[in-house]
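Just below is one structure, and these are the notes that go with it.
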Amino acid sequence: MHKCMGVCVVAVLAGVASGQLLDGQNIAADAAARGMPLLTVQDTPTGFGNATGGGQDSAGGSELNAAWGVIDGGTLRLSMTGNLEGNFNKFWIFFDSMAGGQNVLANDNNDGGFNEINNMAGLTFDAGFAPNHGLRIEVGGGFLGINAFNLLDKTAQSVWTAGGPSDLPIANAVGGAGVSFGWDNSNVLGVDGSSAADALTADKGWEFEIDMAAFFGSPSGEVKVTAFITSGDAGFFSNQFLAGVGGLGNLGTDVRDLNQVAGLQYFTIVPAPAGAALFGLAGLCAVRRRR
Ligand SMILES: [Ca+2]
Ligand SMILES: [Ca+2]
């Protein structure tokens with residue numbers, strides 16, 4: 001009976017947590033409550049500037065600090081801490097979740113914006129990573145946009161648009177392509193321009209819940225992810241990648257093959273263990289109660 005009580009308490013807490021807002025805040029705690037393990041931590045000081053003002057325009061810099069994720073039934077949960085400078089620099093998230101895809105980015109993709117993605121043509125991902133879909137995120141004066149793109153049929157659609165930094169933070173947004181999210185762009189913690197030691201102090205950024213059937217067209221057993229920030233035209237690469245580039249400076253215009261960067265610049269999101277599923281725990285609790 002005492003064992004059962006422990007399980008019941010966990011199930012109840014998890015049930016409360018699953019109803020929390022997607023607000024881009026308290027990311028580590030919310031990830032823990034949602035059963036999302038920490039998957040990768042930034043190992044590289046930001047070469048794109050360290051924002052210190054706390055405004056939603058992330059004035060002065062961009063960075064990616066850490067990522068958490070889990071596949072919960074047909075939902076891909078992905079949270080990342082960091083901030084994106086409000087100067088139309090681009091935040092790219094690429095997903096490898098199914099057969100096919102582009103280990104080397106083609107030159108005729110459609111990102112739903114001005115096709116800046118094609119300024120990355122020839123970018124070679126690590127062996128074993130061939131993305132099939134992605135997200136393109138930007139914010140600047142008077143505009144904020146998140147687009148979903150499909151590298152298999154080379155189409156794109158809008159997830160969300162808004163008027164710029166003044167419309168942030170955004171909480172519990174239900175956008176196109178099956179993407180729900182929260183975004184708080186005011187992080188001032190985490191890495192800075194000289195050290196990555198404090199990466200895990202950042203607690204604001206992005207929380208995504210992606211309906212895998214709607215986004216990918218086909219649910220998958222696991223999803224590999226790479227996330228990174230570029231210049232506005234995507235012709236210049238920062239050094240803010242998840243997984244990290246091991247302390248390198250901005251990759252700039254020269255590095256076009258991530259096999260030449262030590263380690264893997266992607267991380268893998270896997271399904272929640274069956275016994276840890278929220279409703280599974282609740283069910284176990286109910287069964288034990290009846291005994
Ligand atoms: Ca920082
Ligand atoms: Ca590599």
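What's counted below: heavy atoms across the whole structure, side chains too, no hydrogens, waters or symmetry copies. Counting starts at 1 for both ligands and their atoms, in listed order.
For Asn150 and Asp153, the side-chain atoms include at least one donor-acceptor pair closer than 3.5 Å. For the 3.5 Å distance criterion, the side chains of Asn187 and Ser58 fail to qualify, holding no donor opposite an acceptor.
Linking Ile, Leu, Val, Met, Phe, Trp and Tyr whenever their side-chain heavy atoms come within less than 4.5 Å puts Val139 and Phe181 in one cluster. Taking hydrophobic clusters as Ile, Leu, Val, Met, Phe, Trp and Tyr residues chained together by side-chain heavy-atom distances below 4.5 Å, Ile269 does not share a cluster with Leu38. Ile71 and Ile93 fall within the same hydrophobic cluster, where Ile, Leu, Val, Met, Phe, Trp and Tyr residues are linked whenever their side-chain heavy atoms come under 4.5 Å apart, directly or through other members. There is a path of hydrophobic side-chain contacts, each under 4.5 Å, that joins Val261 to Phe129.
Taking distances strictly below 3.0 Å, the protein N/O/S atoms close to the Ca ion (ligand 2) are Asp126 OD1, Leu258 O, Val261 O, Gly263 O, Gln265 OE1. Near the Ca ion (ligand 1), less than 3.0 Å away, sit the protein N, O or S atoms Asn50 OD1, Glu63 OE1, Glu63 OE2, Leu189 O, Val191 O.
Panel note: side chain Asn185, backbone Gln56; a donor-acceptor pair is recorded below 3.5 Å. Panel note: side chain Gln157, backbone Gly176; no donor-acceptor pair is recorded below 3.5 Å.
The distance between the ring centers of Phe125 and Tyr266 does not fall below 6.0 angstrom.
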